[in-house]
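Each remark here refers to the structure printed beneath this line.
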Amino acid sequence: MREVENANPTILNVSQLPSRSRKATKPRQGPDSKCDHIVYSKRPWLCESSSSEEEDLEEEYGEDPVDAQDIYDLISPISDPEHPHTLGQLSVVRLPDIHLTPPPAERRGHSLVTVTVDLTPTINHCSLATVIGLAVRCRLEQALPPNYRVDVRMKDGSHAQDDQVNKQLGDKERVAAALENDTLKGMLDKMLETCV
Amino acid sequence: MPPISLHPLATFTPDLYTRAWQSTPHPYLPLLATTHDKTVTVFSLVDFSKHSSLTGGHSRSIRSCAWQPSPSSSSSQSNQSKLRLVTGSFDSTAGIWTYNPSAALEKPITTTNKDDDGGGEDEEEWEFTLVLEGHENELKSLSFSPSGQYLATCSRDKSIWIWEHLTGSEDDEEEEEEDWETVAVLNEHDGDVKTVAFAPQFPTEKKHNGRRYGSDVLASGSYDDTVRMWREDQDGEWTCVGVLGGHEGTRKRRRMGGMKRGRGERGIGGIGGRWGGIPNTMRRSLREEWECKGELPKVHTREIYSVAWSGRTGLVATGGGDGMVVVYEEDGETGRWEVKARVEMAHGPYEINHVVWCRRFDKGVMEGREEEMLVTTGDDGVVRAWEVRMGE
C-alpha cells in the first residue's frame with residue numbers, strides 16, 4: 001500500500017458545502033447549522049449529494065443553463081483516492097474556482113461553452129493530483145453535452161509540478177489513453193462511484 | 001485573390017459513433033482509412049461507402065495509420081498490387097496489415113463506380129501480418145518515407161523508431177514473410193513525441209545532392225515544444241540535423257506539408273492557436289538552417305489538433321478543439337498568410353481531430369480534371385468531405 005501523503009486534511013462538513021437549494025431557502029447562519037454534523041452524519045455524501053445531483057442533471061437539459069453550481073454538484077461528490085471523503089469536503093473542488101465562458105446569461109444556442117475548474121490538492125506534493133484531475137475531467141465530459149469543453153488545472157501555486165500536471169490533463173491523447181489503462185480506469189471508477 | 005469557400009460534399013458514415021482520430025487517403029488509390037476505437041474502416045472515395053475494415057489486431061485504440069507507398073516505379077509491378085496499411089495503437093505496438101484477396105482487389109478499388117455487394121467477407125480481406133514491438137508506451141503517430149522503404153513511429157516513451165521494410169530479391173515471387181528491421185531508435189526528445197512525418201516527394205523535386213545525407217527528411221514534433229529534423233547519413237545512421245523551437249505553450253500537431261518545387265519544404269507546427277510555417281533552406285552543412293517563413297493568423301479559440309498543407313494548391317487547412325475548420329492561403333506578393341474560408345461547428349458541437357487534403361474520385365469531378373477536397377475527422381466518429389470552391 002502506498003503511504004497516505006496527507007494524513008490530516010481539513011474536512012468540511014457536508015452542510016458547509018455550497019449548495020443551491022440551501023442557498024435558496026436561507027443563508028446558512030444561525031444556531032441550526034451547529035447541529036448539521038449530527039443531522040447529516042450518516043455518510044451524507046453518499047445519499048444526500050447523489051439525490052440532489054440528479055435534480056441538477058435534469059435542470060441541465062431543461063430551460064436553465066448550466067452554471068457553476070451545477071458543475072460543482074457534478075464533481076464535488078467524487079471521492080478522494082486516499083481519504084474517505086469527497087473532493088468537496090476536502091476543498092479540492094471549490095465553487096469560486098469554477099468558471100464558465102460565456103456565462104449562462106450570455107449564451108446563445110448550442111455554441112461552445114468552456115468550463116474551467118481550478119483544483120486545490122490537499123497538500124503541495126500530492127502525487128495523486130493527476131488522478132484527481134482526470135476524474136474531474138472524465139466526470140464532466142461524461143455528464144455535460146458535447147458542446148462543453150472542459151479545462152481542468154491545478155490552482156496557481158497549489159501544486160509543485162503544476163505545469164506538468166496541467167499539461168497532461170489538457171492532453172486529449174493522454175487522457176484518452178489513460179482511460180484505456182485498466183489500473184487507472186479501476187481507480188477512477190472507484191472515485192466516481194459516489195457520483196452515480 | 002479570389003475568395004474560397006467550403007461546401008459539404010459527402011459524409012462517410014461510421015459503424016459506431018465513437019471518436020475517430022485520423023483519416024488517411026491512399027497515395028493514389030481511391031481509398032481512405034479512418035482510425036477509431038480498435039478498428040480501421042476503409043472507405044471508397046468513389047462513392048463514399050465503406051470498403052472494408054481492419055479489426056482484431058490491437059488491444060487498445062488505434063491512434064494513427066499510414067498506407068505504404070508502393071515501392072518506387074523501378075521495382076517490380078507485382079509488388080504494387082499488395083496493399084499495405086500500418087496502424088499505430090495505444091497498446092504500444094504498430095500493426096502491419098495486408099489486403100490479400102486478389103479477386104476482391106479488382107472490384108472496389110477501381111475508379112469506375114460500381115456497387116460492391118460482396119458483403120460479409122470484409123473482415124477477412126485484411127490480414128494482420130506482423131506486429132512491430134519496441135515502444136514502451138502508446139504510439140502517437142507514424143509515417144512512411146516516400147519510397148515506402150522506411151517507416152517512422154513515435155510514442156509517449158519519447159522515442160522515434162525507424163523501421164526498414166526489407167523487400168528481398170525482386171523475383172522472389174511468393175515472399176510472404178514480412179521482413180522489417182529496426183534501423184534506428186532516436187531518443188533526443190525530452191517529452192512525448194506527438195507526431196512524425198516524412199517530407200513527401202514530388203517528381204519535379206531536385207534530388208538532394210548532399211553527400212552527407214539521404215534525401216528523405218523526417219520531422220518530429222514533441223511535447224518538449226521542439227520540432228526536430230532527421231536524415232540518414234552516408235553510414236546509414238539517422239541524425240538530428242535541425243531543431244526548431246519557438247512553439248511556446250506546447251503543442252503537438254506538426255505535419256510535414258510537402259515540397260513545392262524549387263521552394264523547399266514547408267512544415268507547419270501548431271501551438272494552441274498559433275502557428276509557424278517552416279520552409280527549408282536545404283543547406284548541406286551538418287546542421288541545417290530552418291527558418292520560420294510564415295505564421296498563420298490566429299483564428300482558433302482552442303487547441304489546433306491538425307494541419308494539412310496541399311502540395312497541389314498550396315492551401316493550408318486546420319482543425320481543432322473549437323470545432324472549426326479554417327483554410328488559409330499565402331498572399332503571393334506579401335508572403336503573408338490570410339484566412340480564406342472558415343466553417344464553424346463543422347462537426348456540430350464536436351471537436352475536429354484531423355484534417356487532410358485528398359484527391360477527389362467521385363462523379364462530381366469533371367472528367368480529365370484533378371480536384372481536391374478537404375476531409376475532416378471528428379469526435380462524433382463522422383468523417384466529412386468538403387468541396388473547395390474557388391472564386392465564388
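Predicted model, so just to flag it, every value in this text is computed and none were measured. Below, read A as the first sequence line, B as the second, and so on, with proteins coming before strands; counting in each chain starts at 1.
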Nearest 0.5 Å, what's the CD-NZ distance between A:Glu180 and B:Lys38?
6.5 Å
Heavy atoms of A:Ala176 and B:Arg19 approach each other most closely as CB-NH1, 3.4 Å
Under 4.5 Å from a heavy atom of chain B, the part of A:Gln168 involved:
both
Could you give the distance from OH (B:Tyr223) to CD (A:Glu173), rounded to the nearest 0.5 Å?
9.5 Å
Show the numbers, then the answer: is there a salt bridge (Lys or Arg N to Asp or Glu O under 4.0 Å) between B:Arg60 and A:Asp182?
CA-CA 11 Å; B:Arg60 294 191 189 172; A:Asp182 291 338; 5.4 Å; no
For A:Thr114 and B:Arg302, the nearest pair of non-hydrogen atoms, with its separation, is CG2-NH1, 3.5 Å
Could you please state which residues from residues 375-382 of chain B sit under 4.5 angstrom from chain A, measuring non-hydrogen atom to non-hydrogen atom, sorted by number, or 'none'?
B:Asp379
By side-chain hydrogen bond (donor to acceptor under 3.5 Å, both in side chains), which residues pair with B:Thr39, not counting sequence neighbours?
none
Enter the distance from A:Ser111:OG to B:Glu344:CD here, rounded to the nearest 0.5 Å.
9.5 Å
Within the side chain of B:Glu138, is there an N or O that forms a donor-acceptor pair under 3.5 Å with the backbone of A:Ala177?
no
Can you list the steps and then say if A:Arg174 with B:Lys140 is a side-chain contact (heavy atoms from CB on, under 4.5 Å)?
CA-CA 10 Å; A:Arg174 278 216 175 177; B:Lys140 307 278 188 181; 4.1 Å; yes
Going through the distances and angles, do B:Lys194 and A:Asp171 end up as a side-chain contact (heavy atoms from CB on, under 4.5 Å)?
CA-CA 11 Å; B:Lys194 289 295 194 176; A:Asp171 186 330; 2.5 Å; yes
From A:Leu112 atom CG to B:Glu351 atom CD, the distance as rounded to the nearest 0.5 Å:
8.5 Å
Give the minimum heavy-atom separation between A:Lys167 and B:Asp225, together with the two atoms involved.
NZ-OD1, 4.1 Å
Proximal component of B:Asp192, with respect to chain A [non-hydrogen, under 4.5 Å]
side chain
